[in-house]
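Read the numbers this way: they start at 1 and go in the same order the structure lists the ligands and their atoms. Everything numeric here is computed off the predicted structure, so don't read it as measured data.
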Amino acid sequence: MKIHVINGPNLNMVGKRDQSIYGSLSYAEIVDRIKEWSDSRKIQVEFFQSNHEGEIIDYIQNLNDGDGIVINPGAYAHYSYAIHDALETFKGPKVEVHLSNIFKREEFRSKSVISRVCDGVISGLGWYGYILGIEYIMGMYR
Ligand code: DQA
């Protein structure tokens, strides 16, 4: 089983961003925790992070393998119809993750334009949200 964990803009900066919102772990530390968890369960996880909308779209379009996507689109969640359309073409299970609870924050964050092409949304559970997303995808193939 291979699952793609995709992170959008500014997620490479967590640890330096407001820790009361995004937690204290760096992006590399989050990746390590996910790897540790998935390695022990023999799940292959491929990581991709980009600050550029087109690169994220290219990555999704070029996925010719993979059993599922866990995506934290960062601020693109709130306005990228292009990422919405790219995700729509990927037929496997898709989970949208946000480190913070986007419903508890500024009004503009409470709307995600990509949720309707995802199976579900996990928001506000910090880095553990990625693990829950992966677990859900694993469950879909059991
Ligand atoms: C985020 C929430 C977004 O609103 C924000 O723009 C981010 C991170 C989160 O993980 O909580 O960059 O996706």
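- With rounding to the nearest 0.5 angstrom, the CZ atom of Phe48 is 11.5 Å from the CD1 atom of Ile69.
- A perpendicular orientation is assigned to the rings of Tyr59 and His4, their planes being inclined by more than 60° (bins at 30° and 60°).
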Identify the protein atoms, limited to N or O, that lie within less than 3.5 Å of an N or O atom of ligand 1, and list each pair with its distance to 0.1 Å.
unit_1   : atom_1 : unit_2 : atom_2 : d
ligand 1 : 4 (O)  : His78  : NE2    : 2.7
ligand 1 : 4 (O)  : Arg109 : NH1    : 2.8
ligand 1 : 6 (O)  : Ala75  : N      : 3.2
ligand 1 : 6 (O)  : Arg109 : NH1    : 3.0
ligand 1 : 10 (O) : Asn72  : ND2    : 2.8
ligand 1 : 10 (O) : Leu99  : N      : 2.8
ligand 1 : 11 (O) : Leu99  : N      : 3.3
ligand 1 : 11 (O) : Ser100 : N      : 2.9
ligand 1 : 11 (O) : Ser100 : OG     : 2.6
ligand 1 : 12 (O) : Arg17  : NH1    : 3.1
ligand 1 : 12 (O) : Arg17  : NH2    : 3.2
ligand 1 : 13 (O) : Asn72  : OD1    : 2.9
ligand 1 : 13 (O) : His98  : ND1    : 2.8

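- Two residues are said to be in side-chain contact when any heavy atoms from C-beta on lie closer than 4.5 Å; Lys16 and Ser26 fail this criterion.
- For Tyr27, there are no side chain to side chain donor-acceptor pair (under 3.5 Å) partners at least two apart in sequence or on another chain.
- Put simply, the side chain of Asp67 never gets that close to the backbone of Ile3: no donor and acceptor are under 3.5 Å apart.
- Remark: the backbone N or O of Asn10 is paired with a side-chain donor or acceptor of Asn51 at under 3.5 angstrom.
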